[in-house]
Amino acid sequence: MIVLSKKIRVRFAPSPTGVLHIGGARTALYNWLFARHHGGKFILRIEDTDRSRSTEEATSAIISSLKWLGLDWDEGPEVGGSYGPYHQTERLSFYEEAVAELLKARMAYKCYCSPEELEERRKLALKSGKPPGYDGRCRKLTEKEQKDYEEEGRKCAIRFACPKEGETIVSDTIRGDVVFQNTVLEDFILVRANGLPTYNFAAVIDDAAMKITHIIRGVDHLTNTPKQILLYEALGLSVPVFTHLPMILGSDGKPLSKRHGATSVEEYKKDGYLPGAILNYLALLGWSYDEKTTIFSVQDLIEKFTLDKITKNPAIFDNIKLQWMNGCYIRELSVDKLMDLLIPIWVDAGFFAKPSDFGIGNLKTITALVQERIKCLTDVLELTDFFFKEEIGIDPKTADKVLKNPEVSKVLEAAHEKLKELEKFDTENVEAALRSIPAELDVKPKLVFQPIRVAVTGRTVSPPLFETIEVLGKEKTLKRIELAQEATEEREGNG
RNA sequence: GGCGCAUUCGUCUAGUGGCCUAGGACACCGCCCUCUCAAGGCGGAGAUCACGGGUUCGAGCCCCGUAUGCGCCA
């Protein structure tokens, strides 16, 4: 494909009716990657003509999600640009102008049918097995009839006068030529009775005015495309290159929705996912580079992304794989960087008010201990709460499993004794002290370390024991062992 | 209802007529490492390439039909 790199212009055009969803994020990503790969421009346009559902909050939410993902735009809200404004509701004059032109050329006409009438006719047509589309009755209205309607006070919508013969071909970069018979394209509405343009119309006018060269969007728009092409042609505008992306589905193969769990970028952020991991995962949902590579930095993606490697098949969104990938990205972080990300999570959980309350050094050690054990940042809470809590509870089942062994009393006693004697309470000394216990008591290592772990952390699963004990410190460690001993004795007394 | 798109391991995918007894990744199972859990290493299982026809010396790959799913008109 010959591409004039400098001139490539693509856009992401969300409707601000809600937060940025995974599907939208992927569309934005592919557009952004394509622009960055070719050194073109990435434009953000807000399609807010549906006034009843569009909100300022949604616009800000989408913008902040895009920023968080690192998908920056060259033109659009906040940054401006020479093809603005970038909100459709501020571009009404563009649409009016185009409508006037089409009406004058008789390629559009006024339709006085009310929504109620249309709905009724649609139902009727369906009932009798006929196509439910608009029948085109207002297309042949005489001037007198129009005048009568106007006098009746009827409002009119503007419809496109679709050619009734021939075919329109959509050349899609990944699906090839898709042919539509013009007869099946009804006279669709350009401007509603309320004066606002429809999606198909506004998008074409704006894409042309903004000199968009490539349109990359979901396949759900594929059947809208012939209508749009007809509009480009009617207005003498050059038709952009189309790429229709496969859908993203939920685990049951149905369209992604709330019941599949998190579906918005915001939620993933809150759950402790990293932007790089989300981008990497999304890039691979419908695109691949070769048969081996899975991990791509943003820079890799920019270098390697091409439209011809996009697949046609819809993809099921797999949270498990995203989690795995997020874990990979967490492991790639420096300890300092990871700690910076973890601190607000600990603070939110109420473990401490500011890092110095617990000690930066300790937090750094803890971070290093959990780095390869968490898939999401928020996983850290469950794994580290015992460090911060003054008192830990040992759940009865855990106690039953680990503390019921007859050797436990001896083990805990020995551990307490040895740790108490330590002058330098660091990992090395703690390890040496505890490692001597199995041989001395002639007990398997596991039967020594597990009870100590449970005593000290309250859990059977924890970060590495010796390091953990160092961070906890002598006082807390000894106290927790004592408490466990008491509990054990009680059990023995009762048992 | 019409039109359109899609269909390779459970999931994401590689595959553009002979390199495919179908490759990789996640998940799963086993072993190694090991104080638990992870991480890491090694290995295993898992796909009659939706189905049925055709074209061809040869088809996952090309053509036709069917089924299923999804989308648009809404």
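In what follows, chains are A, B, ... by sequence order, proteins preceding strands, each numbered from 1.
Note: F317(A) and Y268(A) have tilted aromatic rings, judged against thresholds of 30 and 60 degrees for the angle between ring planes.
As a whole-Å value, the separation of I295(A) CD1 from rC12(B) P is 18 Å. rG4(B) atom P lies 14 Å from atom NZ of K227(A), rounded to whole Å. Here the P atom of nucleotide rG4(B) and the CD atom of E186(A) are 16 Å apart, to the nearest Å. Look at CG on N280(A): it is 12 Å from C1' on rC12(B), rounded to the nearest Å. Atom P of nucleotide rA25(B) and atom CH2 of W287(A) are separated by 17 Å, given to the nearest angstrom. We find that CD of E167(A) is positioned 20 Å from P of rG2(B), with the value rounded to whole Å. The nearest whole Å value for the distance from the NE2 atom in H244(A) to the P atom in rC72(B) is 12 Å. L230(A) places its CG atom 20 Å from the P atom of rC72(B), with the value rounded to the nearest Å.
Separation of the W32(A) and F12(A) ring centroids does not fall under the 6.0 Å cut-off. The distance between the ring centers of H214(A) and F242(A) does not fall below 6.0 angstrom. Under the 6.0 Å cut-off for aromatic ring centres, F449(A) and F466(A) qualify, their centroids lying closer than that.
In this structure, rC73(B) forms a base pair with rG1(B), meeting either the Watson-Crick or the G-U wobble geometry with both donor-acceptor distances under 3.5 Å. Using the Watson-Crick or G-U wobble rule with both distances under 3.5 Å, rG65(B) pairs with rC51(B). With both pairing distances under 3.5 Å, rG18(B) is matched to rC57(B) as a Watson-Crick or G-U wobble pair. In this structure, rC9(B) forms no base pair with any nucleotide, since neither Watson-Crick nor G-U wobble geometry is met with both distances under 3.5 Å. Within the shown strands, rG44(B) is the pairing partner of rC28(B) under the Watson-Crick or G-U definition, both distances less than 3.5 Å. As the counterpart of rA39(B), no nucleotide is assigned, since no Watson-Crick or G-U wobble pattern has both distances under 3.5 Å.
Of the two residues near RNA chain B, Y289(A) and I174(A), the one whose nearest nucleotide lies more 5' is I174(A).
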With sugar-phosphate taken as primed atoms, P, OP1 and OP2 and all else as base, the protein-contact string of nucleotides 26-45 of chain B at under 4.0 Å (heavy atoms; B, S, -) is SS-------BBBBSS-----

Under 3.5 Å, which donor-acceptor pairs link side chains of residues 15-22 of chain A to any protein atom two or more places apart or in another chain?
| unit_1 | atom_1 | unit_2 | atom_2 | d |
| --- | --- | --- | --- | --- |
| S15(A) | OG | E47(A) | O | 3.4 |

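Nucleotides rU8(B) and rG4(B) place their C1' atoms 23 Å apart, quoted to the nearest Å. Rounded to the nearest Å, the gap between the C1' atom of rU21(B) and that of rC35(B) is 46 Å. For the P atoms, the distance from rU36(B) to rU16(B) is 47 Å, rounded to whole Å. Spacing between rA47(B) and rG10(B) at atom P, rounded to whole Å, works out to 7 Å. Comparing rA22(B) with rA67(B), their C1' atoms are spaced 25 Å from each other, to the whole Å. For the P atoms, the distance linking rC49(B) with rU11(B) amounts to 16 Å, nearest Å. With C1' as the reference atom, rU56(B) and rC64(B) are 16 Å apart, rounded to whole Å. Across rC28(B) and rG71(B), the matching C1' atoms stand 34 Å from one another, rounded to whole Å.
Open room surrounds NZ on K364(A); 12 or fewer heavy atoms of other groups in view lie less than 6.0 Å from it. Few gaps surround CD on E482(A); more than 12 heavy atoms of other groups in view lie less than 6.0 Å from it. When the shell of 6.0 Å around NZ of K269(A) is examined, it contains 12 or fewer heavy atoms from other residues, nucleotides or ligands.
No engagement by G218(A) is indicated, since no non-hydrogen atom pair under 4.0 Å with the nucleic acid exists. Across all strands shown, T293(A) has no heavy atoms under 4.0 Å from either base or sugar-phosphate atoms. Heavy atoms of K444(A) sit nowhere under 4.0 angstrom from any nucleic acid atom.
Listed nucleotides: rC3(B), rA6(B), rC12(B). Nearest to the side chain of K312(A): rA6(B).
Of the candidates Y281(A), F34(A), F305(A), W287(A) forms a ring-ring contact (aromatic ring centres under 6.0 Å, His included) with just one, namely F305(A).
Under 4.0 Å is where a charged nitrogen must lie from a carboxylate oxygen, and between K424(A) and D426(A) at least one such pair does. K389(A) has a carboxylate O that lies under 4.0 Å from a charged side-chain N of D385(A), or vice versa, which qualifies the two as a salt bridge.
A sub-4.0 Å separation between OP1 or OP2 of rU7(B) and a side-chain N or O of N313(A) is present.
R26(A) forms a cation-pi arrangement with Y30(A), by the criterion of a distance under 6.0 Å to the ring centre and an angle within 45° of the ring axis.
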Any N/O pairs under 3.5 Å between the protein and nucleotides 69-71 of chain B? List them or say none.
| unit_1 | atom_1 | unit_2 | atom_2 | d |
| --- | --- | --- | --- | --- |
| rC70(B) | OP1 | K254(A) | NZ | 2.6 |
| rG71(B) | O2' | D220(A) | O | 3.4 |

